[in-house]
Amino acid sequence: MSVTLHGPLAVVPSRKAIDALGGEPARFVEELTALSARGMLPARVEPDRDNPGDGHLVVYASRHVAVLYPTRRQDGYSLGFARRRTFRDEDQLVTAALMLSCPAGWRAFDRVADLPRGRGAFDQPWSSQWARLRDAWRELTAASPRPGQPGGMLPPHHRRYLDLVSKVIEASRDIEVARQELAPPVPYTRLEAAREQRFSGRGVYVFQLARGQGITAGAQVQVSGQPELRGRVDRVDGREVVVRFEQTVDFQALPAQGELRVLPSDRVYKLQGETLETLADGLAANPNLLANLVDGAFAPYRPAGDARPRGPLDGSQVLAFQRAVAVPDLLLVLGPPGTGKTRTITEIVLECVARGETVLVTSHTNRAVDNVLAGLPAQVHAVRIGSESSMTAAARLRTVDSQLEAFRRDILADTRLPDLMAAFGRAEPLLRQWLDHLAERRTRTEQTGARLHATEQGLAEAISALSPELAAAGRQADVDHERARTHHTELTGRLTTLRGQLPVRERAAAGATGPARWWHGWRLARLNARLTRAATAEAAAASEWSRTATAVAALRAQFTALAAADPRCAALTADRDALNSTIAELHYDLAEAGRVILDAVHPLLSATATATAEAAPGAGSAGPSGSPPAPDDLAGWDGFHAWASEVIETVRARASLLAQWRSRIGDAEHELRHELVRYAQVVAATCVGTASSRLLTDIVFDVAIIDEAGQISTPNMLVPMVRARRSVLVGDHFQLPPFQDDDVRRWAQALPPGEDAHETRELLRASGFELLFPRLGDEQRVELTLQRRMPEVLARFVSGAFYQGRLRTSHEGGGGDPIFRSPFGMIDTSDRPARERAEQELRATEAWQQRGYVNDLEAELIAAQIARAARYFADWAVIVPYRAQAARIEAALARLLGDPAGISENIGTVDSFQGGERDLIVYGFTRSNDRGAVGFLSELRRLNVAITRAKQQLVLVGDTSTLCAATDTGFATMAGELVTYLRAHGDLRPSREIARLLADGGY
């Protein structure tokens, strides 16, 4: 809609906006003037939700977007905020936009007080004309209803929910894009062609990076200094990055050494925004998804009590399984550590596949997705989507690339195809000759049959002329014989039916007792009487049929004798016999031709159907049936001829199709990728992979199973949910929350006070699972309650501290460490002087440097503990809060044990061990100070994750004096309860005692 504004428009930029515009607000205002002079300035009006009369104007220049707030006197605008224009802005403008025309132009002023009080150009007063813009926007949006929503109306609370999520997405996107623009290019040291280059019309190359950071699968990159050399990262394997360029790129055109620059991309955020639009338009696969999420309104259902898992499940797992199979919209499954979430998910997937449903398996981490895939048998057609470098070896075998490569290999190595084509080429000319012979024999048979019919008719007329009485008797004898045959056939069928009932009646009579025995005996006797009568009647009918046959034969003998005495009849008889002999010979030729044709085409039809079905699913089923029609008469031979002709054309078409597939197999990569995914029973990807994969854009699933849902933010969770008719969320909101970017968190904290700000922070802080779980009824949520991972003494503490005492245990025991007297132990460093046990803060001056905290005493104790205990435990892991501390421990253990590569796999932060388990877990708190500062340790869910990884032995290392005196009251309370529990049920030991035992080998 075009809107012409009268008079000049005044703008007062804020300091924040000036900085965003590169310190040149005047140039921006000049651009607004130039665009509006031509009536080409796009703008949107964003009314205030609580007070529709208020709001702000959003204007779109070529590179920037600015938010303008009407001044109090409505005489101009304050330019409060500006940012770079993004893809999301283009989507919004396509949805609805005003095109502003302002011949008088725009003017910039330093302060609101400087705005003129008189009239400006065209003798018009200075005015924001806000009311006019607001009315035009109302008219535009009222005339543009959203598809899928009657009149474009959404319930206000649904619209508010979508707006809040959209606000989070947009802020996250803008911050991330800005960060990407500032990221330095990544140098590469070597370049080579990738294996995909053989099968693609575009350039696909492998770049060896100088450092393994900054580039991920799916990122858009370009060779620095050469904007035309742009492509997308197919996969990342360590420092090797495979890039597929947008156009054909000659290897010689690429510098042997250079830099790759990651281009700003908001694809994931754009798809998250499109997900919200899908919800708003009522186009989600589950049309009631918004009502599920916002209103807690669900369709009624009954658990599938007839569904039986293929493997053993406990009671709560079976309940989750039976509800997940039957729930029509949404189910949440709370799975504390060790309760068999993956096993339950696998059983749900197998049952859904058995019922013919397509399943999307997704999660926060690649490990969780791969764990589900590992439990699926080979016969389940599962496709894994994502970066191969992040997958297990088994999961890589199920990727699109791996299956595509295997498919190519099988097609190209299949020697049947050339043999089939050669056999068909040799056989086709001869087959067509036999078909022509068959058609000629069939035509001659028809002609000879017509002559035979005329001859028999002439013979009958001649005999009738010689003896009308004999001819009449013959016709009557034929009628009587046919009537006797029909009557005999009917009686034979009736007798057969009665005989079939006899065994049933006999068994019923033999097994009956009491009054029923008399009843069944009477029915059996009645049946036997009917059988006797039927048998007598059938015998009489057979006798009558035999008698009429004898009469017909006698009359025909008289015909033959009469005809032999008459020259004309004798000639007709000779012609009849000769024609019968010819027809017999023709039928023999037809049968021989049919046999030869059938022997030749049947194997070709079957073999090409199999080969075509393997190469192109669905194509092999086209064509004639494998069984020809039975040629009992001339019509049957016509059908056989048509069938054989169609077979030859079908084999020719299939051979041609197979030849095309063989020649184009390398060029059909795009189509093959989509077909592999489209026909999969199970598709597995992380939530981010689901959002970024182009292979899934138009696929709707019957069910989405989202694991680790407690770690997934609402925008990411919605992406798989809108693509599935129903969803099963499996997670634990008492473990790690969604990752919260520091810049995004600071943005949320800076929001103006109000209800929206609080709910926005909640959307960022908590997962969709956590926000939903307490609001649902028992029909929509299930809690797994039996854990098998942790020793009882550890599980009891976890159950009381995090799960309100509901977690039960089935575990054989634990322990095995010769130092500790309990499977739940702790090394307390508070017995050391403050200077000896204190933490050290690392401050990074470069982006690549480590930051955080280290604690040398804890690092030494942990390294010594692992060096001794590794001989007693099959596998172990060290978990610490900071990467810098992990690096210290890794270096110390490398000196003690060697094998740095093997050691690095067993040391990491809490996030890297979510979902994993080890026999021995050593967790170091790292923080030790006299301020009670514990940093992000105050997120108690991280402690829950860390200590619940242990299968046999848990050892904590930390300064209890700092932990129990933490300034965060929630953490201090938990630390106090932990120390009390360890003293009562575990093994709390001073660090000096442990150090002495380790040094002396005191085992």
To the nearest 0.5 Å, what is the distance between CZ (Arg323) and CG (Asp778)?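 Between atom CZ of Arg323 and atom CG of Asp778 there are 7.0 Å.
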Using 4.0 Å as the upper bound for N to carboxylate O, is an ion pair formed by Arg432 and Glu428? yes
Is a salt bridge present between Glu351 and Arg310, judged by a nitrogen-to-oxygen distance below 4.0 Å?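 Yes, this pair counts.
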Please tabulate, one pair per line, all N/O donor-acceptor pairs under 3.5 Å involving side-chain atoms of residues 551-577, not counting sequence neighbours.
unit_1 : atom_1 : unit_2 : atom_2 : d
Thr560 : OG1    : Arg556 : O      : 3.0
Asp566 : OD2    : Arg568 : N      : 3.2
Asp566 : OD2    : Cys569 : N      : 2.9
Thr573 : OG1    : Cys569 : O      : 2.8

For Gln681, which residues count as a side chain to side chain contact (heavy atoms under 4.5 Å, CB included) partner, sequence neighbours excluded?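 Expected list: Val353, Val380, His381.
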Quick one, [X] and [Y] - any side-chain contact, counting heavy atoms below 4.5 Å?
X: Trp522; Y: Arg526; answer: yes
X: Arg441; Y: His587; answer: no
X: Arg726; Y: Leu330; answer: no
X: Thr344; Y: Val333; answer: no
X: Leu376; Y: Val682; answer: yes
X: Ile385; Y: Val677; answer: yes
X: Thr486; Y: Arg483; answer: no
X: Leu373; Y: Arg398; answer: yes

Cut-off 3.5 Å, side chains only: do [X] and [Y] have a donor facing an acceptor?
X: Glu544; Y: His487; result: no
X: Thr582; Y: Asn580; result: no
X: Thr399; Y: Ser402; result: yes

May I have the list of side-chain donor-acceptor pairs in residues 467-477 shorter than 3.5 Å, sequence neighbours left out?
unit_1 : atom_1 : unit_2 : atom_2 : d
Ser467 : OG     : Leu470 : N      : 3.3
Gln476 : NE2    : Asp480 : OD1    : 2.9

Checking salt bridge (charged side-chain N to carboxylate O under 4.0 Å, His left out) for the pair Glu446/Arg442: CA distance, chi angles, key distance, verdict? CA-CA 6 Å; Glu446 183 178 25; Arg442 185 258 176 228; 2.5 Å; yes
How far apart are the closest heavy atoms of Glu779 and Tyr301, and which atoms are they?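 Glu779 and Tyr301 have their closest heavy atoms at O-OH, 2.6 Å.
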